[in-house]
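Order of listing sets the numbers, starting from 1, for every ligand and every atom in it. Keep in mind that what you see is a predicted model, and the values were worked out from it rather than measured.
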Amino acid sequence: MDAGGSIFNAMLQEFDGAARLLGLDPGIWKILTHPKRQITVSCPIQMDNGEIEVFTGYRVQYNITLGPAKGGIRYHPGVTLDEVTALAAWMTWKCAVAHIPFGGGKGGVICDPTRLSRRELEALTRRYVAEIIDAIGPEKDVPAPDVNTNDQIMAWVMDTYSMHVGHTATAVVTGKPVEMGGSLGRREATGRGVMIVTREAAKHLGFDVKGARVAVQGFGNVGSVSADLLARAGAKIVAVTDWKGGVSNEKGLDIPKMLDYAKQHKTIDGFPGGDPIDNAKLFGLDVEVLVPAALENQITMENAPQIRAKIVSEGANGPTTPEAHRYLHEHGVFVIPDILANAGGVTTSYFEWVQDRHGYFWQEDEVNQRLERKMCEAFDAVLNTSLRYKTDLRTGAYIVAISRVATVTKMRGMYA
Ligand code: NAD
């Protein structure tokens, strides 16, 4: 994304395009393009060698008009306030598209977790949470896992917050282990959402996912579950790649066997059920559906002209550059944007928060049925809006999100 190097400016470009089409009130425009709250904290930690290190952490609450801020915590050496702010803004639009009562937030700590011992990681997590403790809470801001953070780290977040408030507060964070207030179905939720919107898009374009050929980039949480559930829906997964390599088989890969292989080998490279393939070839395959579910900026002007898929279903966040997105749209490719396609994860996080607050937990099929309904409603809202405004689905999704947040902003009025 080239927007002067700023990810936040890239987000603003997408926002502005949709806001213009929507005819957004200039005052509301100003409000929605400013983060509500940006917190920067220093976290001093005694390392295992006895030395003190100070880590910088951020928590941004971009907009909390619809409800508590919601968004992950990222541990990465490249974390910046600009990036965290952009991610918090995207969470605002994603929650609004999914029609769940959350605003958008995001957190990050500048660190390389691969160089921290388990004790150091726990100490850093607890100190970071203690530093932002006044800003978070079930009614204020509800973090979740993101890059390099997991359910164990969420358990430490929950425990630290609970120790400070003096009682067990499960609803302060989502993505927790199921044993301590996590939701059944959360692990699979993002991939399940990808499957649902892909199936609905195929229906809209006049074909069935049953029998459709699908290529998937990435075989982690999102990619592997998307592949598995699309295969269960009758699709033929003809190629998968991961960080190390890839496998293709035009007759269809055996996904359950691939899941076992990936568990054992930590990669799908060398899986015996097909021929080797790389990302460049995967993107150019003759398939009906392409699911980028790995990293950002994978579909660029270098490979977009080779894409033959009818549907690109963005499992990853930001996998398509704005130029490549324009190219694909102009060439008739139906791109299901990230803020819709991967919203199944945050939707089931919302279900986790609801169950924690009720202290009553649903069966897995109930979670899945509710997710099915929410994803279909979100897909229909975005599709109908993009048809009404004669625009692409990404702009349609922004229009849905912005108008929902703008409507409530106007209803609540100006506090001054
Ligand atoms: P993950 O770490 O579980 O998996 C990432 C996968 O991508 C791995 O299989 C890895 O090998 C593969 N990969 C890395 N580099 C690659 C490359 N160059 N070519 C091909 N494959 C490569 O992560 P995840 O949770 O599945 O997240 C994937 C994307 O989905 C990210 O953009 C993330 O932000 C987004 N996302 C995740 C969730 C969620 O609930 N997990 C929710 C919304 C969005």
Side-chain angles (χ1 to χ4, degrees), residues 1 7 70-76 79 83-84 86-88 90-91 93-95 97-98 104 106 108 113-114 143-151 154 174-176 182-183 185-195 197 215-229 239-248 255 258-259 261-263 265-271 276-283 290-300 303 313-320 336-352 371 375 378:
M1 280 192 188
I7 309 175
K70 186 87 196 78
I73 300 170
R74 174 171 295 199
Y75 286 176
H76 196 273
V79 163
E83 178 194 55
V84 176
L87 291 166
W90 275 314
M91 284 306 297
W93 315 133
K94 194 180 293 187
C95 291
V97 165
K106 202 81 183 190
T114 61
D146 191 66
V147 175
N148 293 328
T149 57
N150 56 20
D151 58 351
M154 297 308 112
T174 62
K176 300 178 294 294
S183 177
R186 171 62 189 92
R187 192 189 67 79
E188 300 84 4
T190 307
R192 183 173 294 278
V194 170
M195 179 275 286
V197 294
V216 182
Q217 186 201 28
F219 204 66
N221 176 285
V222 181
S224 69
V225 177
S226 302
D228 188 33
L229 294 180
V240 176
T241 53
D242 72 6
W243 65 276
K244 195 157 179 218
V247 193
S248 71
I255 299 299
M258 189 179 259
L259 287 165
Y261 184 91
K263 209 179 273 173
H265 297 84
K266 306 282 172 238
T267 173
I268 52 150
D269 194 38
F271 176 68
I277 190 172
D278 60 18
N279 279 329
K281 289 212 183 85
L282 175 121
F283 285 136
L290 172 63
V291 181
L295 308 165
E296 59 281 358
N297 295 339
Q298 293 301 296
I299 301 178
T300 64
N303 54 25
S313 203
E314 292 186 339
N317 281 318
T320 313
I336 312 175
D338 47 8
I339 57 172
L340 169 64
N342 68 36
V346 76
T347 301
T348 306
S349 276
Y350 162 57
F351 296 156
E352 179 175 334
L371 179 63
M375 292 304 296

Protein heavy-atom contact under 4.0 Å for atom 2 (O) of ligand 1? no

For atom 28 (C) of ligand 1, which of the options Ala294, Gly220, Ala341, Gly218 provides the nearest non-hydrogen atom? Ala294

Specify the protein heavy atom at minimum distance from atom 15 (N) of ligand 1: its residue, its atom name, and the distance to 0.1 Å. Leu295 CD1, 3.5 Å

Would you say the side-chain atoms of Gln217 pair up with the backbone N or O of Pro292, donor to acceptor, closer than 3.5 Å? no

Can Gly345 be said to touch ligand 1, with heavy atoms closer than 4.0 Å? no

Quick test of your reading of the model: are Glu83 and Lys106 salt-bridged, counting only N-O distances below 4.0 Å? no

Proximity flag Arg186 to ligand 1, non-hydrogen atoms under 4.0 Å: yes

Give me the residue, atom name and distance of the protein heavy atom closest to atom 34 (O) of ligand 1. Asn317 ND2, 3.0 Å

Please confirm whether the backbone N or O of Asn317 pairs with a side-chain atom of Asp338, one donor and one acceptor, at under 3.5 Å? no

protein heavy-atom neighbour closest to atom 23 (O) of ligand 1 works out as Asn221 N, 4.5 Å

Arg74 and Thr149: side-chain donor and acceptor closer than 3.5 Å? no

Does atom 11 (O) of ligand 1 have a protein heavy-atom neighbour under 4.0 Å away? yes

Checking a contact table here: which protein heavy atom is nearest atom 22 (C) of ligand 1, and how many Å away? Trp243 N, 3.4 Å

Do Thr267 and Asp242 pass the side chain to side chain donor-acceptor pair (under 3.5 Å) test, and can you show the C-alpha distance, the side-chain angles, and the key distance before you say yes or no? CA-CA 7 Å; Thr267 173; Asp242 72 6; 2.9 Å; yes

For Thr174 and Lys70, test the side chains for any donor-to-acceptor distance below 3.5 angstrom and give the result as yes or no. yes

For Ala316, counting its heavy atoms only, list the atoms of ligand 1 lying under 4.0 Å from any of them. 29 (C), 30 (O), 32 (O), 35 (C)

So, is Asn279 polar-close to ligand 1, with some N/O to N/O distance under 3.5 Å? yes

Applying a 4.0 Å heavy-atom criterion (strictly less than), which segment of Ala293 is in contact with ligand 1: side chain, backbone, both, or neither? backbone

Contact summary for Gly246 and Ile268, nearest pair of heavy atoms: CA-CD1, 4.1 Å

Which atoms from ligand 1 have a heavy atom of Gln217 less than 4.0 Å away? 19 (N), 20 (C)

Any donor-acceptor pair under 3.5 Å linking the side chain of Glu352 with the backbone of Gly175? yes

Could you identify the single nearest non-hydrogen protein atom to atom 40 (O) of ligand 1 and state the distance to 0.1 Å? Thr190 OG1, 2.7 Å

Nearest candidate to atom 44 (C) of ligand 1, where distance is taken over non-hydrogen atoms, out of Asn342, Asn150, Ile268: Asn342

List the closest protein heavy-atom neighbour of atom 24 (P) of ligand 1: residue, atom name, distance to the nearest 0.1 Å. Val222 CG2, 3.9 Å

Identify the heavy atoms of Arg187 and Val225 that sit nearest to each other, and give their distance. NH1-CG2, 4.2 Å

Do side-chain atoms of Asn303 reach the backbone of Gln298 as a donor and acceptor pair under 3.5 angstrom? yes

